[in-house]
Number of protein chains: 2
Amino acid sequence: MLSKKAQYAFRALTALVEEDMPRLQSLEGQSPHDPAVPVPLNLLVQKHPMSVKFLETIFLELRKAGILGSKKGKGGGYYLMRHPEDVPLAQVMRVLDGPIAQLPCVSLNFYEKCEGCNEQQCGLHRIMSDVRDAQLGVLENRSLWDLARAGR
Amino acid sequence: MLSKKAQYAFRALTALVEEDMPRLQSLEGQSPHDPAVPVPLNLLVQKHPMSVKFLETIFLELRKAGILGSKKGKGGGYYLMRHPEDVPLAQVMRVLDGPIAQLPCVSLNFYEKCEGCNEQQCGLHRIMSDVRDAQLGVLENRSLWDLARAGR
DNA sequence: TTGAATCCTACAAATTTGGTGGGATTAAGT
DNA sequence: ACTTAATCCCACCAAATTTGTAGGATTCAA
């Protein structure tokens with residue numbers, strides 16, 4: 001299951017992209033993406049009611065992971081470091097919830113060997129690898145842009 | 001992530017199928033599947049070290065869900081109610097870990113509406129539905145038989 | 001009658017989740 | 001300089017979930 005953290009994050013990030021939508025549309029595939037106007041948390045929270053304090057810790061993690069940038073002080077806030085099209089959901093999920101795979105021994109980014117199990121001949125390992133590939137097939141190919149653009 | 005419960009279950013069920021392998025192979029697609037010889041837990045635990053007591057509670061759940069049958073008393077134990085080929089991993093996981101979907105609002109078997117979100121135009125809903133389909137595409141089509149047969 | 005097994009419920013320990021509180025720091029506007 | 005609005009940072013906390021354990025009751029075969 002997605003944690004509440006990830007769920008809140010996706011709502012807030014959607015709102016963040018929507019906030020920046022006019023400027024983003026005028027760019028139309030131009031890169032590099034020059035940093036957007038910072039949006040303060042309390043603005044995002046107005047659109048999707050949630051604890052500002054909690055969202056603060058969430059966005060802090062995303063900033064440390066290089067997905068968000070921030071500006072302090074009056075007129076400050078958060079902004080995306082890349083064009084939303086270049087931020088796959090998988091990346092956000094890994095930052096907030098850790099591994100996407102269902103088992104450590106099939107994780108690409110958080111691999112851990114499981115003791116007492118030869119991966120070559122472990123049925124569970126093979127099947128869960130297939131599940132991981134299936135999940136990543138979606139999550140690596142859907143971006144924050146897809147997320148925000150959905151209802152329109 | 002798969003819970004320890006589900007992981008233990010899969011190991012033990014694999015051992016259970018292997019225990020019954022000679023008889024199963026002689027059946028070769030015959031149905032209905034006549035109940036197998038009961039295998040006691042302490043035998044399964046010898047092959048994959050884990051707490052018998054914990055496995056007991058796990059197998060109890062699987063029995064109540066109709067996946068396993070049991071025989072009490074001396075010479076008793078657990079057996080599969082169906083041919084392992086007819087037990088998809090998805091079913092075992094739902095019994096022990098609950099929903100497979102990453103969000104209640106995209107779950108087929110444990111659906112719950114998420115308040116304040118129109119599913120028709122919710123980007124997350126659409127994407128997580130795709131993820132669910134991708135997962136189920138694997139988990140509904142891999143059985144205990146596939147699990148046990150893997151290394152051979 | 002004995003021993004081997006499941007059945008059942010309650011509880012306990014450990015971990016994770018979902019936050020909250022209080023201040024420190026930074027920056028813009030006046 | 002002062003005020004105000006914002007992020008930054010870290011500690012802590014309560015609730016829920018996970019991961020078992022304990023102890024007996026029941027069943028059945030030999």
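The model shown is predicted, which means the values in this text are computed figures rather than measured ones.
For the pair B:Lys72 NZ and C:dG3 C1', the interatomic distance rounds to 15 Å; values are reported in whole Å. Atom CG in A:Leu60 sits roughly 14 Å away from atom P in D:dA11 (whole-Å rounding). Regarding A:Glu61, its CD atom lies at a distance of 11 Å from the P atom of C:dT17, rounded to whole Å. Atom CG of A:Leu55 and atom C1' of D:dC8 are 14 Å apart (whole Å). The distance between atom CD of B:Glu56 and atom P of D:dT21, rounded to the nearest whole Å, is 12 Å. Here C:dC7 presents its P atom at 14 Å from CD1 of B:Ile58, a figure rounded to the nearest Å. One can place CG of A:Leu2 at 12 Å from P of C:dT17, the figure rounded to the nearest angstrom. Between A:Lys5 atom NZ and C:dG19 atom C1' the separation is 11 Å, expressed in whole Å.
Regarding contacts with the backbone of C:dA5, every side-chain N or O of B:Ser70 stays at 4.0 angstrom or more from both OP1 and OP2. Note on A:Ser3: every side-chain N or O is 4.0 Å or more away from OP1 and OP2 of C:dT16. Taking side-chain N and O atoms only, A:Asn42 has a distance below 4.0 Å to OP1 or OP2 of D:dA6.
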For the pair B:Leu41 and B:Phe59, evaluate side chain to side chain contact (heavy atoms under 4.5 Å, CB included) and give the outcome as yes or no after the intermediate values. CA-CA 9 Å; B:Leu41 291 184; B:Phe59 268 33; 3.6 Å; yes
Chi angles and distances behind the side-chain hydrogen bond (donor to acceptor under 3.5 Å, both in side chains) call for A:Gln102, B:Gln135: CA-CA 11 Å; A:Gln102 312 269 347; B:Gln135 293 184 105; 3.1 Å; yes
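One can find a donor-acceptor pair under 3.5 Å joining the base of C:dG22 and the side-chain atoms of A:Lys53.
Residue contacts for A:Tyr78: at a heavy-atom cut-off of 4.0 Å it reaches the sugar-phosphate backbone alone, with no base atom in range.
Between A:Arg63 and B:Gly75, the residue whose closest nucleotide on DNA chain D is further toward the 5' end is A:Arg63. Summary of the strand contacts: B:Phe59 and B:Gly73 both lie near DNA chain C, and taking for each the nucleotide with the nearest heavy atom, the more 5' one is attributed to B:Gly73. Positionally, the nearest nucleotide of DNA chain C for A:Tyr8 lies more toward the 5' end than for the other of A:Tyr8 and A:Lys74.
Each of C:dT20, D:dA6, D:dT21 was ranked by its minimum atom distance to the side chain of B:Thr57; first place goes to D:dT21. Ranking D:dC9, C:dG18, C:dT26 by closeness to the A:Phe54 side chain, first place goes to C:dG18. Among D:dC9, C:dA28, D:dT21, the nucleotide with an atom closest to any side-chain atom of A:Lys71 is C:dA28.
In this structure, B:Gln7 contributes its side chain and B:Leu2 its backbone to a donor-acceptor pair below 3.5 Å.
A chain of hydrophobic side-chain contacts below 4.5 Å, direct or via other Ile, Leu, Val, Met, Phe, Trp or Tyr residues, connects B:Leu16 to B:Met50.
Summarising the geometry, atom OG1 belonging to A:Thr57 is positioned 9.0 Å from atom NZ belonging to A:Lys53; distances are rounded to the nearest 0.5 Å.
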